Amino acid sequence: MYSILPAGLLGLTLLLADCARPPQSAPAAASPATSAPADAPLREMAASPPQVLLPAAAPLRTGAEQFARYLPLLKGKRVGVVVNQTARVGKAFLVDTLLAKGVGIKVIFGPEHGFRGEAADGATIKDGKDARSGLPALSLYGATKKPTPEMLKDIDVLVFDIQDVGARFYTFISTMHYVMEAAAEQNKEVIILDRPNPNGWYVDGPVLEPAFKTFVGMHPIPVVHGLTVGELAGMINGEKWLAGGKQCKLTVIPVAGYTHSTRYDLPERPSPNLPTPHSVALYPALCLFEGTDVSVGRGTATPFEVIGAPTQPSTRPFRFTPTPNPGSTSPPQNGKLCYGQDLRQVGDIGFTLKYLLDYYQQSTNKEKFFLSDRGFDRLMGNATVRQQIIAGKSEAEIRQGWEPALGQYKAMRKKYLLYPDFK
């Protein structure tokens, strides 16, 4: 069941921190016929969401910034927060802000990279205590990805506020899934404080096949899903993708002034190896290389902005040598000279297979190009694309294979949009 909290001029839609950056605005659009007051009460959602109304041009405000819409929902409640370093309001961390406002936070849950976002990719995160607030800080990455009944026994409501980047294999949405699933099983509420999707202006890539469901791909959605976390939460609930077909009590606080045509640069890096807006834009296409022998620049100052490998021709225009750093303590191709490309000057970016096809074709060791642990297939969401690449298919031919399922997803997606769609 959904609850809706109207977002000013977003009206009846469903319901990081370089703060020197000026507020971003949505494109101007026709004013809606009706609008709801800022203190409008919660309303229960029917099975189908109401029509999305176009917002007037306004400064973008994340869900977390709209205290009047969700603080009343937390009053007198025992609260657990699922956050990382992107959960900010201005320069202040959300946990500190909510504590100062008298919210009864009992526990902090942290995803991959930890509560403060400082751990390397894939590092085991241990439970502990937040030095600043003194609150218990429990990990949802490693052995325990889903909150246990013991973790939630003294909690009434879970608040999720983590910046996503819009790619199926970005694990924060998997953490959200497990939080929703635990809440459904233990009769807890979930409140999503929504944030813009920096790659939310398009939809692309193959839809994940059920046989390839893992923590880096839990849902039958394409690589670039074109949803905010609030919209995706509604899809997970509405399509009954939680274990046993359960649904959690879900409230989404939407972003004010946002549309899917809004281009949004993250003011806080969402994870250690996505340090720039450009790396975030390249991530959906380049992350597929994680299942190959090609380095995406982990262990350099420019992760997800350079690519290369020792098995590429030495005539490639760029070279680099990965070495351990705080964001990647054991980077792929550690200490080896990699030949490749510097993509920092590449223009507008969308999901593409062109780099992948090029680097496979130019590899001097094609038999070892794809890693043996099926990592590439898990990221791609099927085994077909790898086989097509090996067979020498073009990108256009490969895309034909995933288009039918992608078209079905696009139709389903429209049911869960909280914001005007891209043109």
Side-chain angles (χ1 to χ4, degrees), residues 167-169 199 202-209 212 216-217 222-224 273 278-300 302-322 328 331-406:
R168 185 184 64 221
F169 30 64
N199 287 309
Y202 72 112
V203 175
D204 204 355
V207 172
L208 180 134
E209 297 176 2
F212 294 87
V216 294
V223 170
V224 184
N273 284 292
H278 198 63
S279 64
V280 170
L282 283 164
Y283 176 76
L286 297 194
C287 190
L288 298 170
F289 280 116
E290 304 268 68
T292 74
D293 72 346
V294 175
S295 166
V296 294
R298 294 186 189 273
T300 75
T302 53
F304 288 98
E305 293 186 290
V306 300
I307 48 176
T311 52
Q312 290 295 306
S314 60
T315 52
R316 290 277 191 190
F318 185 71
R319 58 187 63 188
F320 60 92
T321 303
S328 188
Q333 303 297 0
N334 184 14
K336 297 179 181 178
L337 182 61
C338 295
Y339 307 101
Q341 291 170 270
D342 181 350
L343 302 178
R344 283 174 287 181
Q345 303 304 316
V346 172
D348 204 15
I349 305 153
F351 180 73
T352 179
L353 298 180
K354 68 179 182 180
Y355 301 118
L356 190 62
L357 294 172
D358 176 32
Y359 276 67
Y360 176 76
Q361 291 163 2
Q362 296 296 320
S363 175
T364 60
N365 191 355
K366 289 184 175 62
E367 291 184 1
K368 297 293 181 66
F369 182 83
F370 294 104
L371 303 182
S372 59
D373 62 356
R374 298 183 71 214
F376 180 84
D377 295 349
R378 288 195 289 267
L379 292 169
M380 188 62 80
N382 61 66
T384 305
V385 172
R386 174 176 51 83
Q387 295 164 358
Q388 291 174 315
I389 292 171
I390 293 171
K393 299 292 186 182
S394 68
E395 179 163 358
E397 291 172 315
I398 294 172
R399 283 180 172 276
Q400 288 176 0
W402 74 52
E403 188 56 43
L406 182 61

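Worth saying up front: this structure is predicted, and the values here are computed from it rather than measured. The residues of the chain are indexed from 1 along the displayed sequence.
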Check your understanding: Is it true that the NZ or CZ of Arg316 lies under 6.0 Å from the centre of Tyr359's six-membered ring and within 45 degrees of the ring axis?
Key ->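 Yes, a cation-pi geometry.
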
Is the shortest heavy-atom distance from the side chain of [X] to the side chain of [Y] under 4.5 Å?
| X | Y | answer |
| --- | --- | --- |
| Val223 | Trp402 | no |
| Val203 | Pro222 | yes |
| Asp342 | Phe320 | no |
| Pro322 | Cys338 | yes |

**Study point:** Evaluation steps, side chain to side chain contact (heavy atoms under 4.5 Å, CB included), between Val306 and Thr300
**Key:** CA-CA 9 Å; Val306 300; Thr300 75; 4.3 Å; yes

Verify, without hydrogens or angle tests, whether [X] (side chain) and [Y] (backbone) share a donor-acceptor contact under 3.5 angstrom.
| X | Y | value |
| --- | --- | --- |
| Asn199 | Val280 | yes |
| Arg168 | Pro206 | yes |
| His278 | Leu343 | yes |

From [X] atom [atom1] to [Y] atom [atom2], the distance as rounded to the nearest 0.5 Å:
| X | Y | atom1 | atom2 | answer |
| --- | --- | --- | --- | --- |
| Leu353 | Gln388 | CG | CD | 9.5 Å |
| Arg319 | Gln312 | CZ | CD | 13.0 Å |
| Leu357 | Ser394 | CG | OG | 8.0 Å |
| Thr302 | Ile307 | OG1 | CD1 | 11.5 Å |
| Thr292 | Leu356 | OG1 | CG | 7.0 Å |
| Leu288 | Tyr355 | CG | OH | 13.0 Å |

Would you name the heavy atoms of [X] and [Y] that are closest together and state the gap between them?
| X | Y | result |
| --- | --- | --- |
| Tyr339 | Pro313 | CB-O, 3.3 Å |
| Pro331 | Arg298 | CB-O, 3.3 Å |
| Val207 | Ala405 | CG2-O, 3.7 Å |
| Val224 | Pro284 | CG2-CB, 3.7 Å |
| Glu290 | Val296 | OE1-CG2, 3.5 Å |
| Leu379 | Cys287 | CD1-O, 3.4 Å |

**Study point:** Thr311 vs Asp293, side chain to side chain donor-acceptor pair (under 3.5 Å): CA-CA, chis, key distance, verdict
**Key:** CA-CA 8 Å; Thr311 52; Asp293 72 346; 2.7 Å; yes

Point to revise | Within the 6.0 Å centroid threshold, strictly below: Phe370 and Tyr360 | key: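 For Phe370 and Tyr360, the ring centres are under 6.0 Å apart.
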
Check your understanding: Does the separation of the ring centres of Phe304 and Phe289 fall below 6.0 angstrom?
Key ->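 That pair fails the under 6.0 Å test.
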
Practice item. Quick one: which residue pairs count as a salt bridge (Lys or Arg N to Asp or Glu O under 4.0 Å) with a foot in residues 388-398, not counting sequence neighbours? Key: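 As it turns out, the salt bridge (Lys or Arg N to Asp or Glu O under 4.0 Å) pairs with a partner in residues 388-398, which skip direct neighbours, are Glu395-Arg399.
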
Exercise for review: Verify side chain to side chain contact (heavy atoms under 4.5 Å, CB included) between Asp204 and Leu406, making sure each step is shown before the conclusion.
Suggested key: CA-CA 7 Å; Asp204 204 355; Leu406 182 61; 4.3 Å; yes

Point to revise | Steps toward side chain to side chain contact (heavy atoms under 4.5 Å, CB included) verdict (Ile390, Phe369) | key: CA-CA 10 Å; Ile390 293 171; Phe369 182 83; over 6 Å; no

Exercise for review: Kindly check if the number of other-residue, nucleotide or ligand heavy atoms within 6.0 Å of NZ (Lys366) is above 12?
Suggested key: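 Atom NZ in Lys366 is packed in, count exceeds 12.
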
Review point. Should we count CD of Gln345 as having more than 12 external heavy atoms under 6.0 Å?
Key: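 No, because the 6.0 Å sphere around CD of Gln345 holds 12 heavy atoms or fewer from other groups.
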
